[in-house]
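Counting convention: from 1, in listed order, for ligands and their atoms alike. Just so you know, residue 1 is the first one in the sequence shown, and it goes up from there.
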Amino acid sequence: MFIIFEGIDGTGKSTQVQFLADALCAKGHEVVTSKEPTDGPHGTRLRNSAETGRLSPQEELDLFHLDRREHVETLIKPALARGAAVILDRYYFSTMAYQGLRGFDPQEIRETNEKFAPIPDHVFILEVPIDVALSRIGVRDGETNEFEQRGALEGCHKIFSALPDNFIHRIDATAPPETVHSAVLSHL
Ligand code: TYD
């Protein structure tokens, strides 16, 4: 089972990854959790760029793809192959949204990724109003880092909203974490 949590910054993805991992572990499954960007060299460079100055759109897109290729080969595929449940905080739907905002065609990004990255069984898109997201990430307008600006969050939300697949579930993430978790479980 391959499960992804997506959503704009401040929607509580990492909390829900942990809740679901604990629930599946309690049922006796082997569970592997991870996130993108990863803590590998490409992911670290991407994370640093949010603070130190954004890379060019092409360089950034290339790095997200390099980071994901490595993630797929070293962690995701081996874990799925041995029957573990894999739960990720962000995947190529984030590339569609965030790099889509920088001018790339989200559908082309999707096709590029689905040539090398396994398609998940479930994608949970956690949704909160932009103001809630901004207050959760503890920033006021004008003080956000470059990835977290309001306009960017709105644009990402729009791209996430347009995803048509029936393995994609939209979850109201304004509710308490336990309620969000129950909503997630109801789809599995
Ligand atoms: P994230 O781990 O959510 O941020 P943090 O560790 O600060 O909570 O991801 C960092 C940023 O990377 C986030 O704003 C979204 C962005 N991102 C992309 O632009 N493209 C991608 O493909 C991915 C996976 C993330």
Select the closest option to atom 22 (O) of ligand 1 among Ile109, Asn113, Thr95, judged by heavy-atom distance.
-> Thr95
Heavy atoms only: which of Glu6, Arg54, Glu60, Arg47 is nearest to atom 4 (O) of ligand 1?
-> Arg47
Steps toward side chain to side chain donor-acceptor pair (under 3.5 Å) verdict (Arg68, Thr95) = CA-CA 10 Å; Arg68 183 162 306 120; Thr95 320; 2.8 Å; yes
Within one Ile-Leu-Val-Met-Phe-Trp-Tyr cluster: [X] and [Y], side-chain cutoff 4.5 Å:
{"X": "Val128", "Y": "Ile159", "answer": "no"}
{"X": "Leu88", "Y": "Ile125", "answer": "yes"}
{"X": "Val32", "Y": "Phe19", "answer": "no"}

Quick one: do Tyr91 and Phe2 satisfy ring-ring contact (aromatic ring centres under 6.0 Å, His included)? Show the steps, please.
-> CA-CA 11 Å; Tyr91 197 38; Phe2 188 23; 5.2 Å; yes
Nonpolar side-chain network containing Leu20, other nodes, edges under 4.5 Å = Met1, Ile3, Phe5, Val17, Leu24, Val31, Ile87, Phe124, Leu126, Ile171, Val180, Val184, Leu185, Leu188
Quick one: which ligand 1 atoms are inside 4.0 Å of a heavy atom on [X]?
{"X": "Glu36", "result": "24 (C)"}
{"X": "Tyr98", "result": "14 (O), 15 (C), 18 (C), 19 (O)"}
{"X": "Asp9", "result": "13 (C), 14 (O)"}

Can you find a side-chain donor-acceptor pair between Tyr92 and Glu36 that sits under 3.5 Å?
-> no
Is it the side chain, the backbone, both or neither of [X] that has a heavy atom closer than 4.0 Å to ligand 1?
{"X": "Asp89", "result": "neither"}
{"X": "Arg68", "result": "side chain"}
{"X": "Lys35", "result": "neither"}
{"X": "Arg90", "result": "side chain"}

So, do His187 and His122 have ring centers that fall under 6.0 Å from each other?
-> no
Ligand 1 contact by Pro37, heavy-atom criterion under 4.0 angstrom = yes
Gln99 to ligand 1, any heavy atom closer than 4.0 Å = yes
